[in-house]
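Written out below as C-alpha cells is the structure these notes cover.
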Amino acid sequence: GVAPGLNRVVHAIVHRHWKIYGLDPSRGGAVFGVFDGMAGLAEQPVDMMPLTPADSGKWFNDGGSYLGSRREFNFDRQVMAQRVAENLREAGIQILYIIGGDGSLATAEKFYRMVPGTSIIGLPKTMDNDIPWVGQSFGFSTSVDKAAEIICAMHTEACATRRVGVMELFGADSGFVAANAAMASGRAA
C-alpha cells in the first residue's frame, strides 16, 4: 500500500549506493527501481528502471511512490517466491531492498534462501511501529504528528461546545500511534 515517505526511502537507497559506495556504471554497477513492488518483481519480464540520485531526487518530496505499490491478496506466496527468485537470478541482482509490510516481507522470507548470492534487506513499511528490534519504522512520526494535530483541534472544539470527543486511531495490535499521539498533544485524557 501507499505510505508517506516511500519516495524518500528509495532516494536514500539510491543516494547511498551512488554517493557513499561510489557506484560506477562503467564497471557494470546500477541501481534499479521495480515498478509495482513485489508483484512487479514477480512478473516476467520485470518492469524496472535504472535510478540515479537526480532521478529519485525529483520525487523526493512527493507522497506515495513514484515506482508504484500494489497489494496482492490472492496469490500463493511460494509460487510468487519462486518467480521472484528466478527473476533475481536471471537479472544478476546482488542486493535487493524490499520496502514492505507483512505480505512482501513474508514472501521475501520464502525466497531469500533460493538466491544465496543475493543480499535481501527488508525495510518495514508500517506506521504502527510494532516491529521488534526496529527503533522506529518510517511513517510512524508522521502519523503521530498528524494524529496529535487532530487531537488538539478536537480538544478545542470539545471545550468550546462542552462536548466529548472520541477519536479512533489505527494501531493493529500495539496502539503505539494512539499512545504517542495522546502524549504529543498534551490534551488527551
Side-chain angles (χ1 to χ4, degrees), residues 1-18 21 30-51 53 55-56 59-144 146 169-177:
V2 175
L6 284 173
N7 285 329
R8 289 177 182 235
V9 174
V10 170
H11 179 69
I13 292 167
V14 172
H15 180 268
R16 176 167 293 271
H17 283 276
W18 275 86
Y21 298 141
V31 176
F32 291 92
V34 176
F35 290 100
D36 294 329
M38 187 66 71
L41 193 57
E43 291 177 357
Q44 189 58 271
V46 176
D47 188 11
M48 58 185 180
M49 68 180 278
L51 295 175
D55 297 325
S56 59
W59 16 280
F60 179 79
N61 287 317
D62 295 341
S65 170
Y66 178 79
L67 295 170
S69 179
R70 189 169 77 198
R71 290 183 185 264
E72 292 290 319
F73 293 107
N74 300 316
F75 68 92
D76 181 327
R77 275 203 179 99
Q78 191 61 40
V79 171
M80 182 174 269
Q82 289 168 342
R83 286 184 193 158
V84 169
E86 180 180 314
N87 288 342
L88 292 174
R89 285 190 296 269
E90 187 175 304
I93 294 173
Q94 297 172 334
I95 303 171
L96 176 67
Y97 294 91
I98 299 172
I99 307 166
D102 293 339
S104 297
L105 297 178
T107 303
E109 193 275 328
K110 294 204 174 295
F111 71 73
Y112 84 93
R113 288 183 184 94
M114 299 177 197
V115 284
T118 302
S119 297
I120 310 293
I121 296 95
L123 300 160
K125 180 178 61 88
T126 173
M127 294 190 305
D128 297 337
N129 201 41
D130 59 353
I131 300 172
W133 307 292
V134 173
Q136 183 172 310
S137 56
F138 77 90
F140 177 68
S141 62
T142 302
S143 62
V144 169
K146 294 300 178 187
L169 294 170
F170 63 88
D173 299 319
S174 64
F176 293 133
V177 172

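Everything numeric here is computed off the predicted structure, so don't read it as measured data. Numbers here simply count residues along the sequence, with the first being 1.
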### Pairing residues for Phe32 by the ring pair (Phe, Tyr, Trp, His ring centres under 6.0 Å) criterion, not counting sequence neighbours
none
### Query
For Met80 and Ala42, which heavy atoms make the closest approach, and how far apart are they?
CG-CB, 3.8 Å
## Note on the structure
dist Asp62:CG -> Leu6:CG (nearest 0.5 Å) comes out at 12.0 Å
### Query
Residues in salt bridge (Lys or Arg N to Asp or Glu O under 4.0 Å) with Glu86, at least two apart?
none
### Message
Is any side-chain heavy atom of Asn61 closer than 4.5 Å to one of Arg8?
### Response
yes
### Distance-minimising heavy-atom pair for Ser137 and Pro124
CB-O, 4.1 Å
### Task
Could you give me the CA-CA distance, side-chain angles and deciding distance for Phe111 and Ile120, then say whether side-chain contact (heavy atoms from CB on, under 4.5 Å) is met?
CA-CA 9 Å; Phe111 71 73; Ile120 310 293; 3.7 Å; yes
### Task
Report the residues that fulfil side chain to side chain donor-acceptor pair (under 3.5 Å) with Asp76, sequence neighbours left out, ordered by chain and then residue number.
none
### Test item: Val177 and Asn129 side chains (from C-beta on) under 4.5 Å apart, heavy atoms
no
### Query
Are side-chain heavy atoms of Ile13 and Leu123 found at a separation under 4.5 Å?
yes
### Message
Going by the rule side chain to side chain donor-acceptor pair (under 3.5 Å), which residues pair with Asp55 if we only count those two or more places apart in sequence or in a different chain?
### Response
Thr52
## Note on the structure
Taken in chain and number order and not counting sequence neighbours, the residues that satisfy side chain to side chain contact (heavy atoms under 4.5 Å, CB included) with Ala91 are Met48, Ile93
#### Entry: Under the side chain to side chain donor-acceptor pair (under 3.5 Å) test, residues paired with Asn7 that sit two or more places apart
none
### Task
Flag the pair Met38 / Ile98 as yes when at least one side-chain heavy-atom distance between them is below 4.5 Å, and no otherwise.
yes
### Side-chain heavy atoms of Phe60 within contact of His15, under 4.5 Å
no
### Query
Got a sec, which residues hit salt bridge (Lys or Arg N to Asp or Glu O under 4.0 Å) with Glu43, two or more places apart in sequence or on another chain?
Arg70
### Interatomic distance, Gln82 atom CD to Met114 atom CE [nearest 0.5 angstrom]
5.0 Å
### Query
Counting distance only, does the side-chain N/O of Ser56 pair as donor-acceptor with the main-chain N or O of Val10 below 3.5 Å?
no
### Query
When rounded to the nearest 0.5 angstrom, what is the spacing between CD1 in Ile131 and CZ in Phe176?
11.0 Å
### Task
List the atom of Ala81, the atom of Lys110, and the distance in Å for their closest heavy-atom pair.
CB-CB, 3.8 Å
### Query
Got a sec, which pairs hit ring-ring contact (aromatic ring centres under 6.0 Å, His included) with one end in residues 86-105, sequence neighbours left out?
His17-Tyr97
### Message
Under a 3.5 Å distance rule, please check whether Asn87 uses its side chain to pair with a backbone N or O of Leu41 as donor and acceptor.
### Response
yes
### Message
Going by side chain to side chain contact (heavy atoms under 4.5 Å, CB included), Ile99 matches just one of Val9, Ile121, Leu67. Which one?
### Response
Val9
### Task
List in chain and number order the residues that pass ring pair (Phe, Tyr, Trp, His ring centres under 6.0 Å) with Tyr66, two or more places apart in sequence or in another chain; answer none if no residue qualifies.
Trp59
### Spacing of OG belonging to Ser104 relative to NZ belonging to Lys125, to within rounding of 0.5 Å
7.0 Å
### Task
Return the set of residues passing side chain to side chain donor-acceptor pair (under 3.5 Å) with Arg89 (not counting sequence neighbours), or none when no residue passes.
none
### Any residue meeting side chain to side chain contact (heavy atoms under 4.5 Å, CB included) with Arg16, in chain and number order, not counting sequence neighbours
Ile20, Tyr21
### Task
Kindly indicate whether the side chain of Asp36, heavy atoms from C-beta on, has any atom under 4.5 Å from the side chain of Asp47.
no
### Query
Looking only at heavy atoms, which two atoms of Ala106 and Arg77 are closest? And how far apart?
CB-NE, 3.6 Å
### Task
Check Arg113 against Glu109 and note the closest heavy-atom contact, atom names and distance.
NH1-OE2, 3.5 Å
### Task
For Lys146, check salt bridge (Lys or Arg N to Asp or Glu O under 4.0 Å) against everything at least two apart and list the hits.
Glu149
